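Following: one structure in C-alpha cells, then a few remarks.
Every chain is numbered from 1 and lettered A, B, ... according to where its sequence line falls, protein lines coming before strand lines. All figures in this text were calculated on a predicted structure; none of them were measured in a lab.
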Protein chains: 2
Amino acid sequence: MNKKTRQQYEARAKIAKAMAHPSRLLMLDLLQNQEMCVGDLTNEVGADQSTVSKHLAVLKDVGLIDVRKEGALSYYRVTCGCLDGFFMCLESVLKTDVELRKTTLK
Amino acid sequence: MNKKTRQQYEARAKIAKAMAHPSRLLMLDLLQNQEMCVGDLTNEVGADQSTVSKHLAVLKDVGLIDVRKEGALSYYRVTCGCLDGFFMCLESVLKTDVELRKTTLK
DNA sequence: TGCAATGATGGCAATATTGCCATGAATAAG
DNA sequence: CTTATTCATGGCAATATTGCCATCATTGCA
C-alpha cells in the first residue's frame, strides 16, 4: 500500500466522517432542499447553538456546504448534488440488513 | 424533531460511521471486487491482524459485509451493490473542493 | 451610543474510537 | 496427540469526538 493511495483513502474517510453523525445527516438533508440560517437549523436539530455551529464548521471544512452571509445571518447550503446517491446507499444498507435479520434471525 | 426521525438518522449515521475510516474504505473497495480472507486483507491494509479483524467486525455489524467460513479461513465480501454511488459521492466532493480551492484560494 | 440578536470560538469534561499486545477458539497438518 | 495456522476477542493506553457553557465579534435597531 503506497503512500499516495493511503492519502486518497484518508481524504475520502475525512468526508465520510464529516457525514457520520445523526445531527449532521439531518442538517445535510435540510440544507439540500433549502438554504437555512444557524438559528433555524438549531431549532430543527434541537441542540445548543454552539454545537450546531461546530457541526456546520465540520461540514464546511470538507466542502460539503457553503455559507452566504446576509447581515447578521449566515445562510448555509449544500454545495454538491451527489448526496442523494449517498443517502440512498445508507437506506439500501439499512433495508437489506432489516430483511436479513427478519429472515435469518441472526 | 420527533423520536422516530432521530432514530432513523442515528441508524443512518451508524452505517456512515462504519465506513468513515481509511482502512475500512480500502477494505470495502477490495471486497467489492473479490472475496478475501482476513490474512490477505491484513497484508493489503498493513495493520495488525487483530486490528483488521476488528474493522471487519465493525463493517459486518452494520450489514455492509458478510462472512463465509471455509475451514480455518474466513472469506469476507460486500453485501450491498450500492457502494459505487457512495464512493462516487466522496470523489465528487473531493473533486469539487479541489476546484474551489484552486479558484478561490481559500 | 447603548442594547439585542446572531453565530463563531475557546475551554473542558464525558464519551467513543483506534490500534496493538496477549490470548483464546477452531481447524488443519504431521 | 501435538503443533501450526487462522482469526476473533479482552484489555488497555493514546487519541479523537461530542456537547455544553461562557464569551467574543459583528450586525441591526432604537
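Rounded to whole Å, the distance from CG on B/Leu41 to P on D/dC7 is 9 Å. Going from atom CG of B/Leu26 over to atom P of C/dG19 covers 13 Å, rounded to whole Å. Per the geometry, CE belonging to B/Met19 stands 16 Å off P belonging to C/dT17, to the nearest Å. Summarising the geometry, the separation between CD on A/Glu35 and P on C/dG7 is reported as 12 Å, rounded to the nearest angstrom. Here C/dT6 presents its C1' atom at 15 Å from CE of A/Met36, a figure rounded to the nearest Å. Summarising the geometry, the separation between OH on B/Tyr75 and C1' on C/dT27 is reported as 13 Å, rounded to the nearest angstrom. The interatomic distance linking A/Leu59 (CG) with C/dA8 (C1') rounds to 15 Å, in whole Å. Distance B/Met27 CE to C/dT18 C1': 13 Å, rounded to the nearest Å.
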Inset, instruction - Mark up nucleotides 25-30 of chain D, 5' to 3', with B wherever a protein heavy atom is under 4.0 angstrom from a base atom, S wherever such an atom reaches only the sugar-phosphate, and - elsewhere. - result: --SS--
Inset, instruction - Report, as a single string ordered 5' to 3', how protein heavy atoms within less than 4.0 Å touch nucleotides 8-13 of chain D: B base, S sugar-phosphate only, - not at all. - result: BBBB--
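Put simply, SG on B/Cys80 and CD on B/Gln32 are 7.5 Å apart, with the number rounded to the nearest 0.5 Å. To the nearest 0.5 Å, the span separating CD1 on B/Ile15 from CG on A/Leu90 amounts to 5.5 Å. Distance check: A/His55 NE2 to A/Thr42 OG1 gives 10.5 Å after rounding to the nearest 0.5 Å.
Here B/His55 does not reach the OP1 or OP2 of C/dT17: none of its side-chain N or O atoms lies under 4.0 Å away.
Following chains of ILVMFWY side-chain contacts shorter than 4.5 Å, one can reach B/Leu94 starting from A/Phe86, so the two form part of one hydrophobic cluster. Connection of A/Val38 to A/Val67 is established within a shared hydrophobic cluster, with ILVMFWY side chains joined at heavy-atom distances below 4.5 Å, either directly or through further cluster members.
Judged by the 6.0 Å distance and 45° axis criteria, A/Arg6 is not positioned over the aromatic ring of A/Tyr9.
B/Asp66 places a side-chain heavy atom less than 4.5 Å from the side chain of B/Lys60. At least one side-chain heavy atom of A/Ser53 sits less than 4.5 Å from a side-chain heavy atom of A/Gln49. A 4.5 Å side-chain heavy-atom check between A/Leu41 and A/Leu31 finds at least one atom pair inside the cut-off.
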